[in-house]
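Below is one structure; the comments refer to it alone.
Lettering of chains follows the sequences in order, A, B, ..., and the numbering in each one begins at 1.
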Amino acid sequence: MDNITSVRQLYRQPEPYLDQLVTVSGWIRTLRDQKQFGFISLNDGTFFNNLQIVFARDSLANFDAIARLGTGTAVVATGRVVATPGARQPIELQATSIAVEGECPPDYPLQPKRHSPEFLRSIAHLRPRTNLLAAVFRIRSVAAFAIHRFFNERHFVYVHTPIITGSDAEGAGQMFTVTTLDVDKPARKPDGTIDFERDFFGKHTNLTVSGQLNGEAFALAFRNIYTFGPTFRAENSNTVKHAAEFWMIEPEIAFADLGDDMRLAEDLIKAIIRDVLSECPEEIAFCSQFVDKGLLGRLEQVSTSDFGTITYTDAVAELVKVKDRFSYPVSWGCDLQTEHERYLTEQLFQKPVFVIDYPKEIKAFYMKQNDDGRTVAAMDCLVPGIGEIVGGSQREEDLAKLLQRLAELDMREEDYSWYLQLRRYGSVRHAGFGLGFERLIMYLTGVANIRDVIPFPRTTGSADF
RNA sequence: UCCUCAAUAGCUCAGCUGGUAGAGCAUGCGGCUGUUAACCGCAGGGUCGUAGGUUCGAGUCCUACUUGAGGAGCCA
């Protein structure tokens with residue numbers, strides 16, 4: 001492979017290659033032939049744009065064989081790199097030899113035309129060869145690396161929290177059971193219930209719905225940590241922004257309050273956007289042209305402007321002013337509906353906005369109780385087009401208050417014994433949030449359906465490929 | 001889980017108040033000295049999602065089911 005030149009190199013730094021012989025390898029996206037010459041648009045996987053290969057009858061022995069090739073064929077081509085100023089592409093390769101490495105028969109499903117996202121989902125193994133999915137998945141990769149770089153530069157410790165969890169009381173929706181019991185004839189107790197003591201782990205276990213509680217343990221040792229891994233929800237939800245398997249980023253910071261948490265979330269999102277804009281200009285340009293016309297302008301604006309902040313109480317007051325435009329009523333104490341969130345971020349602020357200090361009744365038990373006795377130090381970051389992209393809070397570090405909250409919610413203390421110990425031994429104020437990685441990718445690309453930003457999506461009733 | 005809509009050629013779709021199917025692209029063949037989702041000509045390709053029902057006759061109307069999509073709830 002040493003003698004293969006990548007299309008990325010040719011586009012990014014063409015000068016050393018001009019008028020030189022190089023060899024490239026890739027897949028034919030389109031082939032157009034005429035009597036004496038033809039053109040191949042070659043994608044080699046390293047770069048979004050295709051390399052145009054020109055081949056002529058008088059300089060290519062196998063001209064007729066090459067001219068018959070179809071979309072999808074894998075070829076290795078050698079030729080001279082030529083600058084083509086004024087043409088639609090800056091350079092092209094004038095081939096001296098083209099060899100077929102892998103044939104592609106005429107029933108190849110991908111055509112040089114626009115396919116529906118539904119059809120492409122049915123051929124998830126081939127769809128990364130399309131412009132849209134190629135853009136989405138390179139952006140996904142670059143964004144993931146940007147996240148690691150952001151935290152690494154700030155000396156956060158990257159923690160691998162468990163995928164299989166023994167606590168079935170995290171309270172974030174339906175969970176998938178993990179078991180080696182015979183599902184036809186599971187071991188049962190005398191009372192007829194399933195005997196999980198005879199299961200692999202000696203207890204009932206699930207796939208994780210959040211790494212947060214484990215993350216808190218590490219934050220109280222390393223101060224600043226983050227997790228970045230898969231998460232599973234068995235909710236039977238069928239929407240454009242829910243999947244059964246998705247990835248989540250969960251930082252946790254110690255000696256920090258809600259304001260520190262919000263600044264971290266804002267800095268993180270801006271850093272990701274900056275990295276993607278600078279490393280994936282071709283992909284963003286494509287998405288901005290074919291997926292969402294306003295994408296590029298919005299990303300540039302968000303990466304340079306400050307996010308808004310509004311308390312839940314003030315937000316409800318604003319929503320009540322325009323309540324006639326909503327189909328769900330608004331009042332203090334209710335959870336904000338999607339339409340409410342979108343009004344706040346798209347109409348009122350017209351940029352990302354943090355909504356903070358929610359009523360404690362609609363938020364999780366571990367959130368820091370504010371002095372007013374009725375709200376908690378929680379924050380949701382809402383972005384135009386998507387809605388909630390980040391949800392976080394300062395955590396309750398006071399053992400007595402946490403115990404009291406568990407009792408109010410009728411939760412069992414013994415299920416949280418190790419978590420409660422974190423408050424007994426050197427407890428400090430701390431905070432964190434969860435960032436849904438797929439929703440971030442949707443925001444970065446303008447793609448409307450979560451199934452099109454996950455390579456092989458798992459959703460209700462669908463786990464193909 | 002609830003509500004709504006859809007299913008016709010490999011893909012994207014048209015097919016009116018019921019009278020047994022069309023286009024573009026793709027594919028195959030031919031043409032074209034610079035194309036770029038190329039263009040021009042010809043050709044092949046469909047038991048209209050499945051199962052029932054109404055009718056002389058169903059792609060079209062009715063029922064059920066399957067699959068997909070959109071919205072809601074839940075959330076990331």
Side-chain angles (χ1 to χ4, degrees), chain A residues 28-42 49-58 67-68 70-72 82 84 86-89 92 94 104-123 126 130-131 171-174 208-212 228-250 265 290 327-328 335-339 341 362-364 380-383 386-392 433-443 448-454 459-462 464:
Chain A
I28 294 175
R29 283 287 179 84
T30 63
L31 184 149
R32 303 170 293 278
D33 72 291
Q34 301 185 24
K35 192 167 194 161
Q36 298 301 330
F37 51 86
F39 303 90
I40 290 172
S41 292
L42 188 82
N49 294 345
N50 301 323
L51 177 68
Q52 172 154 289
I53 298 174
V54 190
F55 59 103
R57 186 178 290 279
D58 59 15
R68 279 206 318 274
T71 300
V82 189
T84 52
R88 198 179 292 185
Q89 55 282 322
E92 65 185 23
Q94 293 181 345
C104 191
D107 59 352
Y108 185 57
L110 292 173
Q111 300 167 23
K113 71 167 208 173
R114 191 177 197 291
H115 288 291
S116 67
E118 295 80 16
F119 171 66
L120 293 174
R121 275 169 224 153
S122 74
I123 50 168
L126 298 175
T130 64
N131 283 333
Q174 291 280 103
T208 184
V209 294
S210 166
Q212 180 198 318
F228 187 173
T231 308
F232 307 88
R233 302 277 166 91
E235 288 288 347
N236 184 14
S237 56
N238 201 334
T239 78
V240 293
K241 54 179 191 173
H242 288 86
E245 176 182 294
F246 61 100
W247 286 59
M248 195 156 61
I249 299 97
E250 294 180 290
F290 291 107
S327 51
Y328 284 85
D335 222 344
L336 297 181
Q337 303 293 322
T338 301
E339 59 179 354
E341 294 180 346
I362 60 173
K363 287 293 180 182
D380 283 355
C381 182
L382 312 176
V383 297
I386 305 287
E388 182 183 342
I389 196 170
V390 163
F433 61 83
L435 168 64
F437 187 54
E438 281 75 16
R439 292 194 184 168
L440 173 74
I441 304 306
M442 293 166 75
Y443 186 63
N449 195 312
I450 196 168
R451 284 168 274 226
D452 301 324
V453 299
I454 302 179
T459 54
T460 314
S462 172
D464 298 325

[X] [atom1] to [Y] [atom2] distance, which is reported to the nearest 0.5 Å:
{"X": "A:E235", "Y": "A:T460", "atom1": "CD", "atom2": "OG1", "result": "9.0 Å"}
{"X": "A:W247", "Y": "A:I441", "atom1": "CH2", "atom2": "CD1", "result": "12.0 Å"}
{"X": "A:M248", "Y": "A:F437", "atom1": "CE", "atom2": "CZ", "result": "13.0 Å"}

Counting heavy atoms from C-beta on, name the nucleotide in [options] closest to the side chain of [X].
{"X": "A:R451", "options": "B:A26, B:A69, B:G34", "answer": "B:A69"}
{"X": "A:S237", "options": "B:G34, B:C74, B:G71", "answer": "B:C74"}
{"X": "A:R32", "options": "B:U33, B:U35, B:A69", "answer": "B:U35"}

What's [X] touching, base or sugar-phosphate or nothing? Going by heavy atoms closer than 4.0 Å.
{"X": "A:L110", "value": "nothing"}
{"X": "A:A243", "value": "base"}
{"X": "A:E438", "value": "nothing"}
{"X": "A:D380", "value": "nothing"}
{"X": "A:Q52", "value": "base"}
{"X": "A:T71", "value": "nothing"}
{"X": "A:Y443", "value": "nothing"}
{"X": "A:N449", "value": "sugar-phosphate"}
{"X": "A:E92", "value": "base"}

Taking the [atom1] atom of each, how far is [N] from [M], in whole Å?
{"N": "B:U55", "M": "B:G18", "atom1": "C1'", "answer": "9 Å"}
{"N": "B:C11", "M": "B:C16", "atom1": "C1'", "answer": "26 Å"}
{"N": "B:C61", "M": "B:C48", "atom1": "C1'", "answer": "16 Å"}
{"N": "B:A14", "M": "B:A23", "atom1": "P", "answer": "16 Å"}
{"N": "B:G44", "M": "B:U1", "atom1": "C1'", "answer": "48 Å"}
{"N": "B:A72", "M": "B:U17", "atom1": "C1'", "answer": "36 Å"}
{"N": "B:G28", "M": "B:U67", "atom1": "C1'", "answer": "33 Å"}

For [N] and [X] - does any side-chain N or O of the residue sit under 4.0 Å from the phosphate oxygens OP1/OP2?
{"X": "A:R88", "N": "B:A37", "value": "yes"}
{"X": "A:R68", "N": "B:C29", "value": "no"}
{"X": "A:R57", "N": "B:C32", "value": "no"}
{"X": "A:Q34", "N": "B:G34", "value": "yes"}

**Message:** For a quick check, with a 4.0 angstrom heavy-atom cut-off, what is the B/S/- contact string for nucleotides 6-15 of chain B, read 5' to 3'?
**Reply:** ----BBS---
**Prompt:** If the sugar-phosphate is the primed atoms plus P, OP1 and OP2 and the base is the rest, what is the B/S/- string for nucleotides 41-48 of chain B, using protein heavy atoms under 4.0 Å?
**Reply:** --------
Could you state the atom-to-atom distance from [atom1] of [X] to [atom2] of [N] in whole Å?
{"X": "A:N236", "N": "B:C3", "atom1": "CG", "atom2": "C1'", "value": "15 Å"}
{"X": "A:N131", "N": "B:A37", "atom1": "CG", "atom2": "P", "value": "11 Å"}
{"X": "A:I450", "N": "B:C74", "atom1": "CD1", "atom2": "C1'", "value": "14 Å"}
{"X": "A:L31", "N": "B:G34", "atom1": "CG", "atom2": "C1'", "value": "14 Å"}
{"X": "A:D33", "N": "B:G28", "atom1": "CG", "atom2": "C1'", "value": "13 Å"}
{"X": "A:K241", "N": "B:G70", "atom1": "NZ", "atom2": "P", "value": "13 Å"}
{"X": "A:L435", "N": "B:A76", "atom1": "CG", "atom2": "C1'", "value": "8 Å"}
{"X": "A:F228", "N": "B:A76", "atom1": "CZ", "atom2": "P", "value": "16 Å"}

**Asked** With centres under 5.5 Å and planes under 30° as the test, does A:F37 stack with B:G34?
**Response**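 Ring-base stacking flag not set for A:F37 and B:G34.
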**Request:** Tell me the stems RNA chain B sits in, counting at least three consecutive Watson-Crick or G-U wobble pairs, each under 3.5 Å on both distances.
**Result:**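 Result, WC/G-U stems under 3.5 Å: B:1-7 with B:66-72, B:10-13 with B:22-25, B:27-31 with B:39-43, B:49-53 with B:61-65.
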**Item:** Aromatic ring pairing A:H115/A:F119, orientation class (parallel under 30°, perpendicular over 60°, tilted between)
**Value:**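 The rings of A:H115 and A:F119 sit tilted, inter-plane angle from 30° to 60°.
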**Message:** Check this for me: does the side-chain of A:E339 come within 3.5 Å of the base of B:G71 through a donor and an acceptor?
**Reply:**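 Checked by distance alone, the answer is no.
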**Asked** Starting at the 5' end of RNA chain B, which residue's closest nucleotide do you reach first, A:Y108 or A:Q89?
**Response**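 The residue mapped nearer the 5' terminus is A:Y108.
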